[in-house]
S.K.: 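The following block contains the structure, expressed as structure tokens.
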Amino acid sequence: KFVWTLVSRSAIGCFSAFCLVFSLGKLPLSEVVVISYIHPVFVAIFAAIFLKEKWHKLDAFGAALCLIGVIFIARPPPLFPQSTDYSNEHWIGISAVLIYAVSMGVVICMIRAMGKEIHPLVNVAWLGFVSAIISLCGMLTIWTWHWPSPVEWALLISMGCVSFIGQYCKSRSLQLENAAIVSTVGYLQVAFSVFNDFIFYGNLPSYWSCGGVILICSWAVVSLMKNWFKDWDLFEYLRLKALGR
């Protein structure tokens, strides 16, 4: 009964992966990963709408932090007149990674909706099958495509194996835990991406970008606080403490 859901999830997942890889050619690695990790905001929103998971005040606060963080990283000219005059390529990359974030929010909620009735390996197998068909059709339309070298084949196979393991772990974790919590744990990738971007590519983030990273990563703290204090109203508690009660 989940066949069409699996096909849809796989097609959207393939499209989101394309947007992510496409944006890597337009933006530094650290900026791509940081902006892509606003997807827990969309997970929380979609989960509240379609899965009836609760939307708390802290979720809204975390969403605001992520939005401000993305603005700091993208630095649109109307808000930052003195910022670098980015080319159209930069804004295309920003748009692509934002589309990735939205589509990933949809994918995670679809996996969560299927629950434990679908084995994680079935989920990953369908993703690979549908992605292979879509990718093959895409390659046939690209006349500049060339056969990968042995080194490129090794890199592609390694990336495929690592992606398989990652997809399996994500699917399994979504069966065992709340969708918003699973997405929050992934913020560890932000620290790794900034480090790797500097080590391998020599890209140092600007002060504004660092501020954006801090704000977006703050969503992880907000989400954890939400779950620590889920049995009572944190804001009411703080208000009473401020009044000395």
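All residue numbers in this chain count up from 1 along the given sequence. All values below come from the heavy atoms of this structure, side chains included, with hydrogens, waters and symmetry mates left out.
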S.K.: By salt bridge (charged side-chain N to carboxylate O under 4.0 Å, His left out), which residues pair with Glu89, not counting sequence neighbours?
M.R.: Lys26
S.K.: Indicate if Leu98 and Ile12 have the same hydrophobic cluster label, given that clusters are the connected sets of ILVMFWY residues with side-chain heavy-atom separations under 4.5 angstrom.
M.R.: yes
S.K.: If I take atom CE from residue Met159 and atom CG from residue Leu156, how far apart are they, to the nearest 0.5 angstrom?
M.R.: 5.0 Å
S.K.: Would you sort out whether Phe72 and Ile214 count as a side-chain contact (heavy atoms from CB on, under 4.5 Å), showing the intermediate values?
M.R.: CA-CA 10 Å; Phe72 280 3; Ile214 292 172; over 6 Å; no
S.K.: List for me each residue that meets side chain to side chain contact (heavy atoms under 4.5 Å, CB included) alongside Ile99, sequence neighbours excluded, and say none if there are none.
M.R.: Phe15, Cys19
S.K.: Do you know which two heavy atoms are closest between Val32 and Ser23, and how far apart they sit?
M.R.: CG1-OG, 3.5 Å
S.K.: With rounding to the nearest 0.5 angstrom, report the CD1 to CZ distance, Ile49 to Phe42.
M.R.: 11.5 Å
S.K.: Find out whether Leu20 and Met104 are in side-chain contact, i.e. whether some heavy atom of one side chain is under 4.5 Å from a heavy atom of the other.
M.R.: no
S.K.: Tell me every residue that passes side chain to side chain contact (heavy atoms under 4.5 Å, CB included) with Val130, counting only those two or more places apart in sequence or in another chain.
M.R.: Ser10, Ala11, Trp126, Ile134
S.K.: Which atoms form the tightest heavy-atom contact between Ser131 and Leu127, and what is the distance?
M.R.: OG-O, 2.7 Å
S.K.: Shared ILVMFWY cluster between Leu136 and Ile157, side chains joined below 4.5 angstrom?
M.R.: no
S.K.: Within this structure, what is the CE-OG1 distance for the pair Met139 and Thr141, rounded to the nearest 0.5 Å?
M.R.: 9.5 Å
S.K.: Applying side chain to side chain contact (heavy atoms under 4.5 Å, CB included), can you list everything that pairs with Ile165, at least two apart in sequence or on another chain?
M.R.: Cys169
S.K.: To the nearest 0.5 Å, what is the distance between CD on Glu152 and CH2 on Trp147?
M.R.: 11.5 Å
S.K.: Hey, could you give me the CZ/OG distance between Phe18 and Ser135, rounded to the nearest 0.5 Å?
M.R.: 10.0 Å
S.K.: Do Tyr207 and Ile35 land in one hydrophobic cluster if side-chain heavy atoms of ILVMFWY residues count as linked below 4.5 Å?
M.R.: no
S.K.: In terms of hydrophobic clusters joined by side-chain contacts under 4.5 Å, are Val122 and Met114 together?
M.R.: yes
S.K.: In the single-linkage hydrophobic clustering (I, L, V, M, F, W, Y; side-chain heavy atoms under 4.5 Å), do Leu24 and Leu155 co-cluster?
M.R.: no
S.K.: Check whether any side-chain heavy atom of Phe46 lies under 4.5 Å from a side-chain heavy atom of Val107, and answer yes or no.
M.R.: no
S.K.: Which residues pass the side chain to side chain contact (heavy atoms under 4.5 Å, CB included) test with Val162, not counting sequence neighbours?
M.R.: none
S.K.: Considering all heavy atoms of both residues, which atom of Arg9 and which atom of Met110 are nearest to each other, and what is their separation?
M.R.: N-CE, 3.6 Å
